Amino acid sequence: MKKLIFLLLLFSLATVYGQNPAIQLIPQPVEIQQSEGVFVLTKTSTIGFDSQESRKIAEMLSQKLNRSTGFSFKPQQDKAGSIQFNLNKAPVAQIGKEGYTLVSSSKGVVITANKPAGLFYGMQTLLQLLPEEIESKTPITITWSVPSVKITDYPRFGWRGIMLDVSRNFFTKEEVKLYIDQIARYKYNTFHWHLTDDNGWRIEIKSLPRLTEVGAWRVPRFGQFGQRAEPKKGEAATVGGFYTQADIKEIIQYAQDRNVTIVPEIDVPGHSMSAIAAYPELSCTKDPDTKVNPGSSFSEWYNDGTFKMLIDNTLNPSDEKVYEFLDKVFTEMAVLFPNPYIHVGGDECYKGFWTKDPGCQALMKKMNMTHPEELQAYFMKRVEGILKAKGKKLIGWDEILEGGIGPEATVMSWRGIKGGIEAAKLGHDVVMTPTTFAYLDYQQGEQTIEPPIYSNLRLSKCYSYETVPEGVDAKYILGGQGNLWTEQVVTLHHAEYMTWPRGWALAEDFWSPKESKNWANFVLRVEKQFERAEIEGVNYSPAIYDAIINVRGKEGEMTLEMDSEVPGLDIFYTIDGAMPNIYSIKYSNPFKLPSGPITVRVITYRNGKQIGHLVTLRPEDLKKR
Ligand code: ACM
């Protein structure tokens, strides 16, 4: 009996942890039990829904299935569809607002939830249970089988977000919708829309037309962001775009249909050059020649973490006109966006222009302030008041803690996790989005071949992320978010490349039980998603297949250590100038590099086939490591 219980336990653990190769889901569900047999979807199958609320999900599934199977499903209000969507009459506490159960057998599939959100996620799981050809945009003839399973699933966190910066580069309405669709499929429920910054104002504010007439457009520039030429006098600003309020309504509806809440961000008081280009009187310097920045260098960053802006990109906290301006912006946004949160930025605000401004000095004196940080705190409290009056809640980057903020403010911890820890200890709600684990703009592999940007963040590091910091009461941690800044991201396909597969790791960090983490198993599931993405035409980064090369010791005594994120790859290298391949030296152990002007070339293979990029480290690269 004991042996039997042990075997049963082993089997259920194996299935819970997704070791069955037939089922490879991301994010990993809370519980899966697999049994013998499959359901085969055919043209005579039916799709049923039990209520008007579940109808939308059934229709969404039909559209998707019709496209790839060539069948013509028309969902029916029914109790016995081969694929059936049902809402619980009495809510089941275990699965909450977003959870679901999915039971499949040879007879069909039943997805049950308390709310349509749960049905939507059950549908996503069903799509991942089907063969990857289900992602085809044209009809394919294969056997559409679904393994027999019983899944009970619900999220670990209520805030599972991705941020897209549409200021540094403008993404069209259709691109934003596609991106929202992609994240929703991995059970993200929050789209943080970074709508304004120094490089473009993207939301139509009808009472402030210059924001989009002027602020949405910059001069054309190419090449490395931060190194581009300044706008020339009289040069036409032709690059950019914005969303009309009608566009925004359409995107909000599209997101709502996918259980995605949009958190719009107006980044103030810093990062405001596009607003100042439109209305120069909002800044301390009031320079009428301020232009929307095209990616030139206008700041200096110092080793102690401080910085200086060479062009004023900051709103003037001592000027009542600024609060009248923000009142107009937030009045229109409060009507547009149905969710409670408005993100007001607060990050990287340079105070140098404030300290020279007589109005700011007078305000500091009047309010008994001793540090310019207190001006930012004053500004944020005013903004919080404006939002509150419109029934909205303030969320901001962790700098909003400096100088104090109202207890109801929610803090987004980005400069590592310390801001989140401090905020939670003060009793604020927190969203964890640290650079060290969640910055999707960072390079994801070998730094000499990935497009250059501030830092590096590998998939394995994202996957290792534990959202609740040690010593913090978990009740303050709403969840987590990955952030895609787009200084170096010009196209949607590149945005996809930066998002996937790291967005899959974060999806699992924020949805799945932390006990279910298993890197080797996750890699198998990532590779399955790669196949799906290829069929669907979604880009991803294959950086996990590239060699990782670490150098220890100084010049003349260097030891090279090689590895790869994907287990079991064969790493071949040369130090004699030849191109590496299977005839080169196969790496097995760390080795000493002879002294001399050596270039190391490394490549990875799996099953005799090249799988990773060629990595070339010249003597100067080796010296730098
Ligand atoms: C940020 O990355 N500046 C929030």
Side-chain angles (χ1 to χ4, degrees), residues 159 161-169 190-202 225-226 263-275 293 295 297-302 304-309 311 313-315 341-351 373 376 379-380 383 394-402 405 409-423 428 430-444 452-457 461-462 465 478-489 495 498-499 502-503 506:
W159 186 301
I162 292 276
M163 187 212 76
L164 180 67
D165 166 9
V166 296
S167 172
R168 270 54 178 270
N169 271 296
T190 305
F191 176 64
H192 172 175
W193 206 1
H194 185 77
L195 284 164
T196 73
D197 212 303
D198 301 314
N199 317 93
W201 182 283
R202 306 298 181 204
F225 195 95
V263 177
E265 180 182 353
I266 301 296
D267 198 351
V268 287
H271 286 274
S272 293
M273 208 184 295
S274 61
N293 190 271
S297 164
F298 64 90
S299 57
E300 284 172 2
W301 296 81
Y302 310 115
D304 63 357
T306 61
F307 55 90
K308 178 179 180 179
M309 295 295 164
I311 303 175
N313 68 344
T314 314
L315 303 182
Y341 286 103
I342 292 186
H343 200 301
V344 295
D347 59 322
E348 299 173 324
C349 171
Y350 177 61
K351 282 112 188 156
E373 281 68 30
Q376 172 151 352
F379 173 91
M380 278 299 162
V383 170
L394 180 147
I395 179 167
W397 300 111
D398 56 38
E399 285 95 330
I400 64 171
L401 287 169
E402 291 165 6
I405 185 80
T410 301
V411 174
M412 209 166 244
S413 183
W414 75 277
R415 296 176 298 176
I417 61 172
K418 60 183 190 310
I421 296 172
E422 188 191 334
H428 293 283
V430 173
V431 176
M432 296 302 294
T433 174
T435 50
T436 37
F437 294 96
Y439 263 40
L440 301 173
D441 56 326
Y442 286 5
Q443 293 182 312
Q444 44 206 319
I453 193 82
Y454 315 112
S455 193
N456 196 287
L457 175 61
K461 184 101 188 267
C462 291
Y465 184 46
L478 301 183
Q481 183 172 289
N483 293 336
L484 180 54
W485 302 98
T486 58
E487 288 96 322
Q488 287 296 113
V489 179
M498 299 309 284
T499 307
R502 290 181 297 190
L506 295 176

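Start at 1 and go down the list; that is how both ligands and their atoms are numbered. Computed from a predicted structure; not experimentally measured.
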Under 3.5 Å donor-acceptor, Ser167 side chain and Gly200 backbone = yes
key: All salt bridge (Lys or Arg N to Asp or Glu O under 4.0 Å) counterparts of Glu348, not counting sequence neighbours   = none
query = Is the distance between the ring centroids of Tyr341 and Trp159 under 6.0 Å?
reply = yes
inquiry  = For a salt bridge (charged side-chain N to carboxylate O under 4.0 Å, His left out) check, start with the C-alpha distance between Glu487 and Arg168, then their side-chain angles and the critical distance, and finish with the verdict.
reply    = CA-CA 5 Å; Glu487 288 96 322; Arg168 270 54 178 270; 3.8 Å; yes
With the criterion set at N/O pairs under 3.5 Å, what does the list of contacts between the protein and ligand 1 look like, atom names and distances included?
{"from": "ligand 1", "atom 1": "2 (O)", "to": "Tyr439", "atom 2": "OH", "distance (Å)": "2.6"}
{"from": "ligand 1", "atom 1": "3 (N)", "to": "Asp347", "atom 2": "OD2", "distance (Å)": "2.7"}
{"from": "ligand 1", "atom 1": "3 (N)", "to": "Glu348", "atom 2": "OE1", "distance (Å)": "3.2"}

request  = Answer yes or no for Lys461 and Phe437: cation-pi contact, defined as NZ/CZ to six-membered ring centre under 6.0 Å and angle to ring axis within 45°.
outcome  = yes
Validation row, ring centre Trp397 to ring centre His194 under 6.0 Å = no
